[in-house]
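Structure, as structure tokens:
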Amino acid sequence: MVPDIASHQPPPGTGHPIPPPQAAPSNREDLRAVMAARRDLGPDYEDALVDSFLDKLDVEIAARVRNEVAAQLAHQPPRGQSKHRDGAVGMAIGSLALGIPLTAIAAQTSGATGLLLAWGGIIAVNLAHALGRRHQR
């Protein structure tokens with residue numbers, strides 16, 4: 001089992017470095033086994049034993065890196081999500097800001113027909129914006 005490196009992170013704001021995690025007990029045991037095998041088999045098998053141990057170590061390091069990257073990504077907001085929210089909020093505020101004077105002008109000059117046309121246009125613009133955002137995702 002590969003230990004989760006994310007659990008070794010310092011508490012936020014402390015700024016204190018954390019010592020690197022100790023080697024897993026299985027790595028220590030594996031290295032001891034490789035050294036014992038080298039003594040038993042002799043120097044002719046040394047390269048094969050070292051390569052085998054390093055391959056296992058590479059797999060463990062890759063798993064640790066994946067855990068660290070996953071932990072870091074879990075703490076970050078998805079890319080572009082805040083931009084889409086800001087665009088939606090801006091569109092809503094803009095629609096309301098324009099809707100108030102358009103309502104007054106349309107109701108005064110054209111009555112109910114103007115009022116329906118003004119708000120129909122605002123609704124159409126907001127609907128087009130919402131559908132465009134849906135296709136971007």
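What you see is a predicted model, and the numbers here were worked out from it, not measured in a lab.
Here the options are I61, L31, D30, D51, the test is side chain to side chain contact (heavy atoms under 4.5 Å, CB included), and the partner is K56; only D30 passes.
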**OP:** Please lay out, stage by stage, how D55 and V59 fare under the test side-chain contact (heavy atoms from CB on, under 4.5 Å).
**Re:** CA-CA 6 Å; D55 288 343; V59 169; 5.9 Å; no
**OP:** Decide side-chain contact (heavy atoms from CB on, under 4.5 Å) for I100 and L96; before the verdict, give the C-alpha distance in whole Å, the side-chain angles of both, and the deciding distance to 0.1 Å.
**Re:** CA-CA 6 Å; I100 292 170; L96 289 174; 5.5 Å; no
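Clustering ILVMFWY residues whenever any of their side-chain heavy atoms sit less than 4.5 angstrom apart, transitively, puts L57 in the very cluster that holds M35. Hydrophobic clustering (ILVMFWY, side-chain heavy atoms < 4.5 Å, transitive): I123 and L98 are in distinct clusters.
N27 approaches F53 most closely through the heavy-atom pair O-CE1, 3.8 Å. Nearest heavy-atom pair across L115 and A107 is CD1-CB, 4.4 Å.
One finds a salt bridge joining R64 and E60 here, because a Lys/Arg side-chain nitrogen approaches an Asp/Glu carboxylate oxygen to under 4.0 Å.
Separating the CG atom in L127 from the CD1 atom in I122 is a distance of 13.5 Å, to the nearest 0.5 Å. Distance CG/L102 to CG/L117: 11.5 Å, rounded to 0.5 Å.
With hydrogens and angles ignored, the 3.5 Å screen pairs a side-chain donor or acceptor of S95 with a backbone N or O of M91.
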